[in-house]
Structure formats: C-alpha cells, structure tokens
Amino acid sequence: GLWHDLGKYHPRFQQRLSEATVRQPHAGAGAALAVERDSKAGLLLAWVIAGHHAGLANRVESGDGLPMPLGERLRDAKQSELADARPNAPGEILGVQVPDLPLHLRQVPADKNRQASRLEMWVRFLFSALVDADRLATERFCNPENARVRDHQYENLFELQSRLEERVAALERGLSPGQKALPINRARSEISRACLEKAGEPPGLFSLTVPTGGGKTLASMRFALAHANKHDMRRVIVVIPYTSIIEQNAARYADIFGTENVLEHHSNLDPEALREERGEGETLRQLYAAENWDAPIVVTTTVQFFESLFTNRPSWARKLHNVARSVVILDEVQTLPPKFLMAILDGLRHLADDFGCSVVLSTATPPALKKREALPHGLENVREIISNPRSLAADLRRVRYEWPEPESSKVKWPELAARLAKHEQALAVTHKRDDARTLAEELCCLVPEETVRHLSALMCPAHRKEVLAEVETLLREGKPCRLVSTQLIEAGVDVDFPVVYRALGGLDSIVQAAGRCNREGRVEEGRVIVFEAPSKPPPGVPGKGLAATQALLSGDRELQPDDPHVQEQFFRRLYFSEDLDGANIQRERRSLNFATVGRNFRLIEDGFTRPVVIPWGDEGARRLDRLRAALRSGKPVDRQLFRALQPYTVSIHEKAFEEAVGAGALEEVCQGVHALLGTHMRHYSSMFGLIHGKDIGLRDPDSTIV
C-alpha cells in the first residue's frame, strides 16, 4: 500500500498534477523497489504494484492486447521511475521492508506444481486487496457522496440466520397435517434439518446432493449461515450458472433477509426495474457493492465468479479478496465446463485450503469431481451433507422415465406435435432453437394457438420472463398449456408439468428436464418421455453427453438417471472423452503468466456472438429512446442507460449479425450498440422472438457451440 504510488514522487508526475497534458507512469517505481529489496518475495509484490492500473502481466511473454511483461516493465522502471522518484520520497515509505511470505508459501513443497499454483493464487488475492483499497481511498477523496452511499451498515450474519430460522419455522407451521405427510414435504424437512446439523463441522469442501424440488435453495442457505456463524466467516456467496435461477433465488432471499442485505450481481440485472422497486439510493448502493462484493449475501453467476478468480483485470479482480472466509455455494455444479475443470477444481482447493472458505457443491446430478485414478487432480475430503443421497433420490422419485425403443426410428416433428396435442398440459424440450420453433409451429396447427407457448434464447430476457409468468399462471389455474422450449427451461425454472418430453441427450440434462415434471408431487407419478430427435445436439459437450448416455442405455434399458451412482458413471464417461485443461490454464498459471490466463479463461467464448437490442414492447422502446436522447445531448452518457438495455438484448452469431447489418435491419445507436430497426420488427415474433429470414440473414446460433 505504501509503495504502490511511489512513482508519484517523480518530478514529472508532480508536474502532471497542475498540467493535465503531461504523461508520466507511476506504478513501476514501487515495483522496482520491491525487487531491489527482495528478489523473490519482492517479485510477487512487484506484480501487484506494477499491475494495479494496467492489470497483472506475464513474467516475460508478451502478446497482442496484453500488458508489458513484468521483466521488461521492471527494467524500464528501475532506470527511470525509481531513480527519479527516490530522492523526493519520505524515508518512512522507503524504509519499509518486504514482509515475510505466508507460512504455507514458505514450507518446502511436496508438489512443486501445487506450490506454484498456490503462489499464483496468493498474488491474485493480494492484487485484489490493493486494487480495492486504492479505489475506495480515491473515491473517498474525489467523490465523498459515492463513498457515503457505499458506507452502509448491513445486518450481521447472526441476525440473518435468525430471520431464516423464523421463515423455516413459519413455512412448516403453514403446512396442514395432510401436506406435512406428503413424501416431498417430509423429505424437504429432513434435508433442511440435515443441513443445519452438518453446519457445525470444520470448514472445507462439502457436497449437497438433493433431487430437484428437494428444497436446496433454503436448505443450503441454512447450512451456509449456521456454518459461517460457527466459524466466524464473513459472507455467503451463491454461485449459479443461469440468470433465470439467479433472479428467482435472489428474489426469494431478498424476501427473507431484506433487499438491502442481498447483492444480486449478473449481466441481466435491470437497473431501471431496480430503481422503480427500491429507489435511487438503494439502486446506487447495489451497483457500488457489485464492484467489490461488500455485502453479507452475494448471488452471482458461474461466469462472474470464476472469471474473477482467474482474471488479470483490476476491475474484475477487486472483489476477490472479499471471497476469502466466505461460504461459497456452487449451485448446479454439474454445469461446470469440462474444458476448464482442472483449473476450477484447483481454484476451489485454494479457496478451502488457503483462504478460509467452505465450498458447497450443490446439485441434483452430482458430477464425478472426486480424486481417483482417472482424475488425479480431483477434489479430496469432500463431505456429503446428506448421509444417503442414493436412498433420498429413490424416495423423492416423482416421475417415470420412458426410454425410446432400442431400434426405434427418430421421431418426426409432426408426429411429436400430434402426441403433445393429446395432453392438456405438457412440456417438450429440444436440442436446438430451430427444432423448438418447428415443433411449436406444428403444434399450433393441431391445437388452439393460445394454448401454445415457446421459449428460446432468441427471445430477449424480458420477453422470456413474461412468457414464463403466463405459463405459471396457466398451470396454476389448470388451463391448457403446451410449452416447447430449448434447454434453457432446464435451468432451475420453477414450472410443474405432469408430462415432459425430452430429446435424448446428456443424462444430466434429462434429469434437469425431469425436474420440471410433477415437481410438487401433485400426481402420483409424472411421465418423462425421452425421444430420439431428428436432429443431433450441438457438437462439443452436448454431443459427447448424448454418446455417454447411449453407452449407458445400451447396458440398461431401465436406467434410472436420477440415481447419483448412475450420474457418477455418466460424468466419468463424459470427462474421459474431454480435455479437462483444454485451454492450458494450469500450465500458464504455474508459469505465472497472469495475462495469458486472464485472456484464455473465458467460460463464454468471445467473438462468437454479437448483441442486438430489441425495442420490444413499450418499455424496450422507451429505454432505447432514452439512450438516443442522452447521446444527442452531447453530455457523457450514464453507463446505467446501457445496462438498462440488457433485458431487451438478444445475442446472434457473428455472420448473422453481419448479414443483418448488410440487409439494413440494424441501427448502430452508438459504438458497440446495435438495435433492430422498427421497420424490421416483423422479424421479431411475439411467439418466437428473433426469427430467421433470408432478407435479415439470421442463422441458428446453436451451430456455433463448440
């Protein structure tokens, strides 16, 4: 902290304070002093100091868009920045010595690779602490109003635990004797109690394997708060792969703990809706807290969490130090991408071993993440919160799986539509967006169109949210409802159909689809009918998941996919077919190539899709008009105007985007923001969202999945 701005004592930087046109770097001087004092431990400090504005660099390697390598930066800084800054710097700053490394980094390592990655992760946490402290101090000086908004006193975790216990007790009191006797409610109560009882165990790695509908949302939070209070931990971070689940779960937590104690951080967060609901002050506080996760309960995405863990960018890294001494709930852990699995598992080990975290692996379909001969880098000492997950899965089974006959031909969409039409309420899940649209069109020819709904990612989030609300109402009122969807419905969406049709694919996806069937146990046995689609799933993990499922089915036509033992077999096959460090993240980490790791660790590939704003409905058009008006004013545009467009944005393939531009269908509102023109709104359907057409050239984005 004392050395990071040492370069500001340089005469030229002092000149810059009164002459804005003068340019003088300042981060190199403190870095050079650190290495001068200690060539080993000081080198680690040098990375942190030199990168607190530009980002963590590689040691010697360079590349397009990467910061100057640390070695080169130190040579330049020693010759100029440090030499000229030193004479003007106070002795109490220059006299500070490099502190000792933490004990776990001074011990002689049994595994040199493991020690290298521990060292690398420690630099990241130190970097985060410096960046956040620097920015908070700057804010207090330059913008004290913002600092006052940020200085909010949250309720402590003991108070939040008390609120949760009161809610759990109220929910149990609200059940009639008949409801309490239902197997699903008895199981939910037992799961919740098991989570509370297990909370007293020492921090580390835990697994919560509970079937869909088993009440994981509240049960896992019950464990987390009791565990955090028992072991003096600072916050609970809930990590969820899909924004649809985040919005759903965050709303439930906010209802229990108060909106002021729950930070919801994801790309689909709607600041406009937040302002209307909570007011300007609360909205600003939420947005500021998202910068460094300074809140007792944080709900965020898998992408945000793990890319922050492996980033080299200051703005993303500044929250990382607040992950230390947290309970981290990884929801739907089976969705972790195999290509990055080795790095992710190593990162989780570091959090538990070196940074005082407890990690809960929460899922209905447990992936095979534990260490074994075929996965030597798997996790060790993972404690199961539920004593017998396999027995629990059998007790909570509310559906019957119906598999296609071994030699049956692939079903045609008109045939499947005819089968769906026989059900008053049914859900069908397809591999691809084109498939979902085709099936929905066929269905509309057989039943009244008002009974058919469709969901895909070619509909903007605000549109999908409205359709889901309609579906929930129809189901609740017992009215006809046939929903055709892509796999996005499987992302923890809380709908309950008596019958679900699912295209044969990965076993984990089939179980997730089954989680939308007889969810509340309203019928004696729901039906999950698995069919062979005329199309193949996208290549990559979906295609390999299908192959693994087919291999298991060939040996057992009565397969119970929700059996944790069967899921373990499935994931073992899936991981065996994958390169679990496909981006070479671990090799780059051991070489301390922070910039390369930050560039390559992308859970969502850059460059495959482009966002398009849809002026859908009155609100979508209004928000777009507000941005246009702000741009015309010539004043700096509030970034919240851009964020407000996120709920009205659809991502399309790069080539489709270029064709749409060429067809004159898109307006470039400003650099980086393109919107569908009102004259081309015929290409956005109230049923299907952004539709394909030769004149607009929109292709199926599923074809880009690798």
Does [Y] offer a backbone N or O that forms a donor-acceptor pair with the side chain of [X] under 3.5 Å?
| X | Y | answer |
| --- | --- | --- |
| Arg285 | Val149 | no |
| His231 | Ala228 | no |
| Glu307 | Leu603 | yes |
| Ser39 | Val35 | no |
| Ser326 | Val236 | no |
| Gln15 | Val22 | no |
| Ser128 | Ala317 | yes |
| Arg235 | Trp293 | yes |
| Asn58 | Leu70 | no |
| Asp638 | Leu641 | no |

Mind checking whether [X] and [Y] have side chains closer than 4.5 Å, heavy atoms only?
| X | Y | result |
| --- | --- | --- |
| Tyr253 | Val238 | yes |
| Pro102 | Trp122 | yes |
| Val637 | Leu631 | yes |
| Pro314 | Asp134 | no |
| Tyr648 | Pro461 | no |
| Ser358 | Val328 | no |
| Val131 | Ser315 | no |
| Glu36 | Leu82 | yes |

Minimum heavy-atom separation for [X] to [Y], with atom names?
| X | Y | answer |
| --- | --- | --- |
| Gly42 | Val98 | N-CG1, 4.1 Å |
| Ala46 | Leu74 | CB-CD2, 4.1 Å |
| Ala343 | Ile585 | CB-CG2, 3.7 Å |
| Ala290 | Lys319 | O-CE, 4.1 Å |
| Ala457 | Val650 | O-CG1, 3.8 Å |
| Arg140 | Ala147 | CG-CB, 3.8 Å |

- Run the numbers on Ile297 and Leu160 for side chain to side chain contact (heavy atoms under 4.5 Å, CB included), then give the verdict. CA-CA 9 Å; Ile297 296 175; Leu160 299 185; 4.0 Å; yes
- Let me see the working for Arg643 and Leu287 under side chain to side chain contact (heavy atoms under 4.5 Å, CB included), right down to the final yes or no. CA-CA 11 Å; Arg643 293 186 64 173; Leu287 296 174; 3.2 Å; yes
Does [X] pair with [Y] as a salt bridge, N-O distance under 4.0 Å?
| X | Y | value |
| --- | --- | --- |
| Asp5 | Lys8 | yes |
| Arg628 | Asp625 | yes |
| Arg150 | Glu139 | yes |
| Glu658 | Lys655 | no |
| Glu291 | Arg318 | yes |

Nearest-0.5 Å distance that lies between atom [atom1] in [X] and atom [atom2] in [Y]:
| X | Y | atom1 | atom2 | answer |
| --- | --- | --- | --- | --- |
| Thr649 | Trp616 | OG1 | CH2 | 13.0 Å |
| Arg75 | Lys78 | CZ | NZ | 11.5 Å |
| Met121 | Leu105 | CE | CG | 12.0 Å |
| Leu205 | Leu361 | CG | CG | 6.5 Å |
| Asp294 | His321 | CG | NE2 | 8.0 Å |
| Asp579 | Met342 | CG | CE | 8.5 Å |

- Just checking, is any N or O donor in the side chain of Asp581 or Gln586 under 3.5 Å from an acceptor N or O on the other one?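 No, no side-chain donor-acceptor pair sits under 3.5 Å.
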- Task: Give a yes-or-no answer on whether the side chains of Glu588 and Asn600 include a donor-acceptor pair shorter than 3.5 Å.
- Result: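 On atom types as modelled, these side chains do not qualify, holding no pair under 3.5 Å.
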- Message: As a quick check of understanding, evaluate side-chain hydrogen bond (donor to acceptor under 3.5 Å, both in side chains) for Arg124 and His350, giving each step before the final call.
- Response: CA-CA 11 Å; Arg124 293 180 179 282; His350 292 311; over 6 Å; no
- Name the one of Arg86, Arg73, Arg12 that satisfies salt bridge (Lys or Arg N to Asp or Glu O under 4.0 Å) with Glu81?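 Between Glu81 and the candidates, salt bridge (Lys or Arg N to Asp or Glu O under 4.0 Å) is satisfied uniquely by Arg73.
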- Query: Passes side chain to side chain contact (heavy atoms under 4.5 Å, CB included), Thr302 versus Ile240? Steps please.
  - Reply: CA-CA 6 Å; Thr302 304; Ile240 299 174; 5.8 Å; no
- Query: Taking atom CZ of Arg59 as the centre, does the number of heavy atoms from other residues, nucleotides or ligands within less than 6.0 Å exceed 12?
  - Reply: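 No.
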- Residue Arg639 excluded, over 12 heavy atoms near CZ under 6.0 Å: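 Not buried by this count: 12 neighbours or fewer within 6.0 Å.
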- Decide yes or no on ring pair (Phe, Tyr, Trp, His ring centres under 6.0 Å) for Phe594 and Trp47, but give the supporting numbers first. CA-CA 9 Å; Phe594 295 98; Trp47 252 299; 5.4 Å; yes
- Query: Can you say whether the rings of Phe601 and Phe340 are parallel (under 30°), tilted (30 to 60°) or perpendicular (over 60°)?
  - Reply: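 Geometry flag for Phe340 against Phe601: tilted rings.
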- Kindly indicate, with the supporting measurements, whether the criterion ring pair (Phe, Tyr, Trp, His ring centres under 6.0 Å) is fulfilled by His4 and His26. CA-CA 8 Å; His4 84 288; His26 70 275; 7.5 Å; no
- Message: Please evaluate residues Leu126 and Leu44 with respect to the criterion side chain to side chain contact (heavy atoms under 4.5 Å, CB included), reporting the C-alpha separation (whole Å), side-chain torsions for both, the decisive distance (0.1 Å), and the verdict.
- Response: CA-CA 9 Å; Leu126 196 63; Leu44 305 180; 5.9 Å; no
